[in-house]
Amino acid sequence: RALYSSKLSTSSVGSGEDSAYSTSHSSKSLNHLQQEDAPTSPNSLFGLRLREKSPPIDTAQQRISPTSPIIDHSLSNDHLVEEERYAIEWESLSRLEQKRQKSLNSLMKCEMEFCNELRKGIDVYLTPLSGVISENSHRTIFMSLERMYELSNHFCSQLKSRSRPYSSPACVSYYIDRFVDIYSNKLKLLMQVYSAYLRNSDSSRKEIAVCFTDSEFKKLIKNPPAMYSFVEAGTEYLPKMSRLLVAISYVTPLNHKDHEYFTDVINSLMRLLPPSCTDLKQNWKSETDIMENLNKAINFANGVQPFEVVVPGRMLLHEGEAQLVEKKKKKKVWLLLFNDILLITKRSTKMVFVALEDPIPLDSMSLPEIDCASDEFQILTEDRSVSRMFKVSSQLLKRDWVQKLKERATGSLGNKGRIAIKVRSCE
């Protein structure tokens, strides 16, 4: 990573105009939202952060029932179409898609819990305290919280409208396909509201402390920690939601339409996050730097059609040295596994790679379960137009490669396998 990543800098909290403030929740509704503008392994040169080190993912507890028909909100208003909500077979989903659905259910749970916490806080603190404390204190303490609730309620309703049931028991409750445009359409408003909220957070805590010096105020607030938790809920929600979006982007197929929005939404959130989230911002920037520098470091051998390495959604998942086995000959190569292609290169220097052949697409793979004790594995397309045998230095490295290839071996719902990854025994 030191070879390819530039020095990381910490972004400051994003700026934006202060949101309009009102002490009466009934004066606002979700309607105004609809009117807003839409919008390290020793064998690794790049020091990749392993995806499996991500925090464990929870699953949503709520379950839906089939309904029909529904409006596909992922389409523009000019091209609204109806689609039947059909039940999904969990077992028919690829391993990668199942992982994606678990992350999506975690995102929905995050949104619902945040929305419920804001709704409860508005009912218990924001509305009852209107007229009890001064208007200035009320404004300072509860800045932007009503608009945050409206945004969260909007995200929840939109996510639910796109959810589908499973026809058989599954480890998650919802199936959701496209969703990032829901956040993209409200990104401008989200940045405005949360920028004002974060700028005001210190003043809000100080004002609450001042109010608690009043004996009458103390009598009204029976649970001070709960009130602090309410006004600070957004500072916990933003990093959690951002991490989940990043996690979902990692396991979303490159040809998925959500990648039209991921980069813009996540980059905007990274600018918005407070300094306490330096690790998340640096990791995301590092991923971007790796791809940018790889694009400059890869050359192409004669006969290999040059291609753009950096495309929306593509990222480097794994890399390492191997031997390409061709009959009785073995050629040292450096494999670069992206989330959509496998690239066979020769490392000429530490900073330069030469692509030896066209990239091998990984979409719609099937991987038969074949046990063997060899340190070799094979990639074979269904029409046998591409067949490559690789040998690595240990069985441990072979298992590592096969595991990562298996994760990308089958496409999304309804796709049939076209590429088989096999292993060959030396016995």
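Atom set for the values below is all heavy atoms of this structure, side chains included, hydrogens, waters and symmetry mates excluded.
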Exercise for the section: Please step through side-chain contact (heavy atoms from CB on, under 4.5 Å) for the pair Ile176 and Asn105, ending with a clear verdict. Expected result: CA-CA 8 Å; Ile176 302 173; Asn105 275 256; 5.9 Å; no
Exercise for the section: Ignoring hydrogens and angles, tell me if any N or O in the side chain of Ser137 forms a donor-acceptor pair with the backbone of Ile133 under 3.5 Å. Expected result: no
Practice task
Quick one: pull up CH2 in Trp90 and CD in Glu97 and give me the separation to the nearest 0.5 Å.
Solution key: 8.5 Å
Exercise for the section: Mark yes or no for whether His259, through its side chain, and Thr252, through its backbone, hold a donor-acceptor pair below 3.5 Å. Expected result: yes
Handout entry: Side chain to side chain, Phe338 and Leu317, heavy atoms closer than 4.5 Å
Key = no
Practice task
Using distance alone, with no hydrogens and no angle criterion, decide if Arg271 and Ser268 have a side-chain donor and acceptor under 3.5 Å apart.
Solution key: yes
Handout entry: Salt-bridge criterion met for Asp177 and Arg162 (N-O under 4.0 Å)
Key = no
Exercise for the section: Spell out, as yes or no, whether a donor-acceptor pair under 3.5 Å connects the side chain of Thr213 to the backbone of Val210. Expected result: yes
Problem - Heavy-atom side-chain contact between Thr345 and Val333 under 4.5 Å - result: no
Fill in the blank from the handout: Heavy-atom closest pair (Leu269 atom, Leu245 atom, distance to 0.1 Å) is CD1-CD1, 3.5 Å
Problem - Beyond-backbone contact of Arg388 with Ile360, side-chain heavy atoms, under 4.5 angstrom - result: yes
Handout entry: Spacing of CZ belonging to Phe390 relative to CG belonging to Leu397, to within rounding of 0.5 Å
Key = 14.5 Å
Exercise for the section: Take Lys219 and Glu216 through the test side-chain contact (heavy atoms from CB on, under 4.5 Å) and record every step on the way to the result. Expected result: CA-CA 5 Å; Lys219 294 178 182 179; Glu216 294 300 320; 3.7 Å; yes
Handout entry: Backbone of Ser201 reached by a side-chain donor or acceptor of Ser204 within 3.5 Å
Key = no
Practice task
Show the numbers, then the answer: is there a side-chain contact (heavy atoms from CB on, under 4.5 Å) between Val246 and Phe262?
Solution key: CA-CA 8 Å; Val246 170; Phe262 266 129; over 6 Å; no
Completion exercise
Arg100 and Asp258 have their tightest heavy-atom pair at NH2-OD2, 3.5 Å
Exercise for the section: Consider only side-chain N and O atoms of Glu117 and Ser229, and report whether a donor and an acceptor are under 3.5 Å apart. Expected result: yes
Practice task
Using a strict cut-off of less than 4.0 Å between a Lys/Arg side-chain nitrogen and an Asp/Glu carboxylate oxygen, indicate whether Asp279 and Arg243 qualify as a salt bridge.
Solution key: yes
Practice task
Would you check if Val231 and Tyr125 make a side-chain contact, meaning some heavy-atom pair closer than 4.5 Å?
Solution key: no
Handout entry: Minimum heavy-atom distance between Phe377 and Lys398, given as atom pair plus value
Key = CD2-CG, 4.0 Å
Practice task
Take Tyr250 and Glu287 through the side-chain contact (heavy atoms from CB on, under 4.5 Å) test and state the conclusion after the steps.
Solution key: CA-CA 11 Å; Tyr250 288 157; Glu287 297 282 358; 3.5 Å; yes
Handout entry: Residue pair Phe155 / Phe179, side-chain heavy-atom distance below 4.5 Å
Key = no
Exercise for the section: Give a yes or no on whether the backbone of Pro253 and the side-chain of Asn339 come within a donor-acceptor separation of less than 3.5 Å. Expected result: no
Handout entry: Approximate separation, where rounding is to 0.5 Å, of Cys211 SG and Ile221 CD1
Key = 9.0 Å
Exercise for the section: Would you please test Gln101 and Tyr174 for side chain to side chain donor-acceptor pair (under 3.5 Å) and show each step? Expected result: CA-CA 8 Å; Gln101 290 303 319; Tyr174 304 94; over 6 Å; no
Problem - Rounded distance (nearest 0.5 Å) linking atom CG of Leu273 with atom CG of Leu280 - result: 6.0 Å
Problem - Exercise: identify the closest heavy-atom pair between Tyr197 and Ser144 - result: N-OG, 3.7 Å
Practice task
Indicate yes or no for a side-chain donor-acceptor contact from Ser130 to the backbone of Leu126 under 3.5 Å, with no hydrogens or angles considered.
Solution key: no
Practice task
Would you mind reporting whether Lys346 and Trp334 have side-chain heavy atoms less than 4.5 Å apart?
Solution key: no
Handout entry: Lys/Arg-Asp/Glu bridge criterion (N-O < 4.0 Å) met for Asp202, Lys206
Key = no
Problem - NZ/NE/NH1/NH2 to OD/OE distance under 4.0 Å, Lys240 and Glu236 - result: no
Practice task
Using a 4.5 Å cut-off on heavy atoms from C-beta on, say whether the side chain of Leu343 contacts that of Ile298.
Solution key: yes
Exercise for the section: Report the C-alpha separation of Tyr183 and Tyr261 in whole Å, then their side-chain angles, then the decisive distance to 0.1 Å, and conclude whether the ring pair (Phe, Tyr, Trp, His ring centres under 6.0 Å) test is met. Expected result: CA-CA 9 Å; Tyr183 292 90; Tyr261 310 100; over 10 Å; no
Problem - Ion pair Lys257/Glu260, N-O distance below 4.0 Å - result: no
Problem - Distance flag, aromatic centroids of Phe300 and Phe307, threshold under 6.0 Å - result: yes
Handout entry: Backbone of Ile122 reached by a side-chain donor or acceptor of Thr127 within 3.5 Å
Key = yes
Problem - Basic-acidic side-chain contact under 4.0 Å: Lys404, Asp400 - result: yes
Practice task
Measure the CG-OG distance between Leu145 and Ser152 for me, rounded to the nearest 0.5 Å.
Solution key: 12.0 Å
Practice task
Would you confirm whether Asn153, through its side chain, and Tyr149, through its main-chain N or O, come within 3.5 Å as a donor-acceptor pair?
Solution key: no
Handout entry: Main-chain N/O of Ser203 paired to Asn200 side chain as donor or acceptor, under 3.5 Å
Key = no
Completion exercise
Closest non-hydrogen contact found for Glu321 with Val392 is O-CG1, 4.1 Å
Exercise for the section: Please tell me if the side chains of Met227 and Ile141 come closer than 4.5 Å, counting only heavy atoms from C-beta onward. Expected result: yes
Fill in the blank from the handout: Smallest heavy-atom separation, Leu254 atom then Arg314 atom, equals CD1-N, 3.1 Å
Handout entry: Pair Glu308, Asn295: side-chain N/O donor-acceptor within cut-off below 3.5 Å
Key = yes
Exercise for the section: Taking Ser184 for its side chain and Val180 for its backbone only, find out whether a donor-acceptor pair lies under 3.5 Å. Expected result: no
Problem - Between CG on residue Leu244 and NZ on residue Lys109, distance to nearest 0.5 Å - result: 11.0 Å
